[in-house]
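Reading through the structure tokens given below for one structure.
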Amino acid sequence: MVAYSKPQGFMSMLLTVFVLLQVTAAFSHNAHSHPAHRSPAAMDAHLQDTRSMLTARAGRVTTKGAPDGQYPRLEIRDLKKNADQWNLFLLAMERFQNKPKTDPMSYYQISGIHGRPFVQWDNAGLKHTGGYCPHSQNVFGSWHRPYLAVYEQAVYLNAQEVVASFPKNQQQRWQKALTGLRIPYYDWAAEPPRGEAAIPTSMRDQTVSVTKPQGKVTIRNPLYSYTWGASLPSEMGWGPSNGFATTLRRPVSNPTRSNNNAVNAIFGQARVGWRQRIFAIFSSKQPWGYASTAAYGVKTSRSNADSFESIHDDIHGTVGGTDGHMGYLDVAAFDPFFWLHHTNIDRLLSMYQLIVPNTYVVPGKVNRDMAQWNAGQTTDANTPLVPFTKDNRGGVYSSNDVKETRVFGYYYPETQSRNAKQVIQAVNKLYGMGERQMSKRDGEDAAPIYPGRPFQAGDYDTVLSVVGDKYAMPGSYQVHCFLGAQPANGTAPSHLPTGLVNGTAPTVKPTNGTAGNGTTGNGTGNYEYGFDSSYVGSHTFLGGSVAGSGNGTAPTLVEGCIPITAALQEKQANGELASLHPDHVEPYIKENLSYKIIGPNGQEFVPGDVANFHVQVKSCEVQPTTSDDELPEFKDYIELPRAHLPASTPWTYTPGPLDTTPDTPAETPEGYCVSQQTIRYVDPAGNFLYEEVTGM
Ligand SMILES: *[C@@H]1O[C@H](CO)[C@@H](O)[C@H](O)[C@H]1NC(C)=O
Ligand SMILES: *[C@@H]1O[C@H](CO)[C@@H](O)[C@H](O)[C@H]1NC(C)=O
Ligand SMILES: *[C@@H]1O[C@H](CO)[C@@H](O)[C@H](O)[C@H]1NC(C)=O
Ligand SMILES: *[C@@H]1O[C@H](CO)[C@@H](O)[C@H](O)[C@H]1NC(C)=O
Ligand SMILES: *[C@@H]1O[C@H](CO)[C@@H](O)[C@H](O)[C@H]1NC(C)=O
Ligand SMILES: *[C@@H]1O[C@H](CO)[C@@H](O)[C@H](O)[C@H]1NC(C)=O
Ligand SMILES: *[C@@H]1O[C@H](CO)[C@@H](O)[C@H](O)[C@H]1NC(C)=O
Ligand SMILES: [Cu+2]
């Protein structure tokens, strides 16, 4: 607790010096770009290319993060405790979102790197009409690190401009607030502070009161939504809810608006599953390639096949609902929620790096045509993470370059001292199974989900494992899992391609103090399965607005899971289930577990109609530990074949042409040199702390 909430001392005092020793021995050029193998004409053309590339790159944005040293990114509720820094952050966000769309450092353009408007960012080039963001790929975790850094850099620049706008006699005060300002993360899995709702009101209120040079004023809350203006720029090409020009969360109609109350209430339920998933991933200690990406290819072993990307997908889908922006990869980054969420993913990954060191990005294949890469191309830890340049000579960060968050001037409370034991203690405290029974909270209408209890000897972890094609539908689809009576069908599930299932309107009541509402007016939304009394959890297959992989041939198989351990523990506590042993769980599940697949616009699908969709109930023995310095040991996950759910018939995985296999050989992209560098960290007195060799 104490150790993690208020980072101070060590790292902020630490002057981090990067001594880049270019170890030329590891220089390796792609064979066919070697001058020795080229004709004079080819060399001429190559020089010409290089010259125009360098011209285009001159004046480009160099991604550095915030420029003022090493400081922690704080949880949003902790950042808010520093009133001046919070005020400055909000004003910086407001200014950032208002920057002209022609500015590469505007909110519009930085959000636009991810997906739409599918144009090149900052002269980085554009190979295909698509975004730059790699999903279900080996570089998912590392690509988002410089992406967040350039966003943080923009927030900081705007904060500097805000400071300059205050009168002279207030400069000192706001300069102080500026020092160490970093973007916050939102921890959607940990138990919220006592009496508070799952999602802080600071992310849900429509307006917020701030201090400007002219005094206290109320502004549109820049964390509630982003607005493109009166209408969606035609360049965007497409947007949810008929191109609604403001980002929406679980939207309802008449008038079109976000239903943040529903998002909050569902987070209150889904959080328990996310917490179980995080804990299982940390405890399973899989290599980075398994733990960071949702890609199915490398995951056919009996290990925990869950991943941080897979959990990330479900947060996206849960915020977006069936038609909100977060549920579409191509527009998700415009919702301010995206950045608070992704910063948390980056945090979890940086914590994971300390607990499971010596494993990182393995070679993989690009699974669809993207702005910077072709489908089928191989990427590895040295592949330039286009479009993020690291110098003004056209150098682009690779995954190896961004292994350490301090490259961008930040760390997280848990990674402050780079101590694996402290990270494990934090994981146990924040995500372990020991949280108190929840009570109904602000905006939560449903009976609270049973939070689970600590693992005991003889316990098993049980999950509904789901595999499917990420891009099977135009938008995301969700699997909702129930234990007990099946929920009432809004209307009967339809076979493709009949129309919408019109459920009842959201049942959440309006809340005082949080104006982001969906419950006034007459709007109908889609049926909210998360409020059903037998609801256990969900998983989202996060897609884009257009179905299909890059070349439309191979499915992009991803795997995720819905944990059912806490729900089974509740049945056990109530005397309805003898133990968590598969012998007892299997018949229980066979009779009592069910699930639904809900696609874009709330349409329900019969499992057999969704190509490449598979479910399995899996369980693994857990060896508990009583020490906070250790994580429990999770053994192999074994399928419980007699659970007999729809789409649970056995199947054999045959890797598709774009699937990643662990031993895919690396190809070196043309015109790119691999060099090895040693990063030495020293303290202010020049004493050596530790070093890392990258680029091998
Ligand atoms: C689709 O991708 C596969 C694997 O990279 C490739 O062999 C095939 O040529 C691609 N098809 C098209 C039409 O691009
Ligand atoms: C919902 O519909 C499915 C498919 O028609 C049916 O099997 C199931 O029993 C229905 N559930 C309820 C509670 O009516
Ligand atoms: C759902 O509502 C829409 C709009 O009111 C209507 O056109 C459609 O027929 C309804 N669908 C079903 C399955 O009831
Ligand atoms: C909301 O505020 C109204 C008026 O102040 C009060 O009567 C009501 O009890 C409050 N509702 C809740 C849920 O706090
Ligand atoms: C709820 O949203 C509607 C539509 O945006 C708005 O007219 C109404 O004032 C909001 N209610 C509250 C309590 O903010
Ligand atoms: C709600 O429905 C009533 C009756 O159908 C209608 O008069 C009113 O305009 C509707 N209100 C909104 C906000 O759509
Ligand atoms: C199904 O659930 C009920 C309620 O928890 C329980 O009593 C029953 O034994 C379960 N069925 C099986 C086969 O375990
Ligand atoms: Cu992304």
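One-based numbering, in listed order, for ligands and for the atoms of each. In this text, all values refer to a predicted model and were calculated from it rather than measured experimentally.
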Residue pairs involving residues 135-153 (criterion salt bridge (charged side-chain N to carboxylate O under 4.0 Å, His left out); sequence neighbours excluded):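 Counting only pairs at least two positions apart or across chains, the salt bridge (charged side-chain N to carboxylate O under 4.0 Å, His left out) contacts touching residues 135-153 are R73-E152, R145-D346.
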Charged N-O contact under 4.0 Å between R453 and D459: yes
Ring geometry between H342 and H144 (parallel below 30°, tilted from 30 to 60°, perpendicular above 60°):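 Correct class here is parallel.
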Parallel, tilted or perpendicular: rings of H581 and H584 (30°, 60°): perpendicular
Nearest-0.5 Å distance, CH2 of residue W143 to OG of residue S398: 15.0 Å
Distance (rounded to the nearest 0.5 Å) between E235 CD and R116 CZ: 11.0 Å
The Cu ion (ligand 8): protein N, O or S atoms that are less than 2.8 Å away, sorted by chain: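 Atoms qualifying: H114 NE2, C133 SG, H135 NE2, H144 NE2.
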Sequence-distant partners of F282, ring-ring contact (aromatic ring centres under 6.0 Å, His included), two or more places apart: F308, Y352
K101, NZ: over 12 other non-hydrogen atoms inside 6.0 angstrom: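 Enclosed: over 12 neighbouring heavy atoms sit under 6.0 Å from NZ of K101.
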Close residues, ligand 7: non-hydrogen atom nearer than 4.0 Å: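 Around ligand 7, where the cutoff is 4.0 Å for heavy atoms, the contacting residues are E576, P587, Y588, E591, N592.
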Residue among H539, Q616, E639, E559 satisfying side chain to side chain donor-acceptor pair (under 3.5 Å) with S465: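 Filter result, single survivor: E559.
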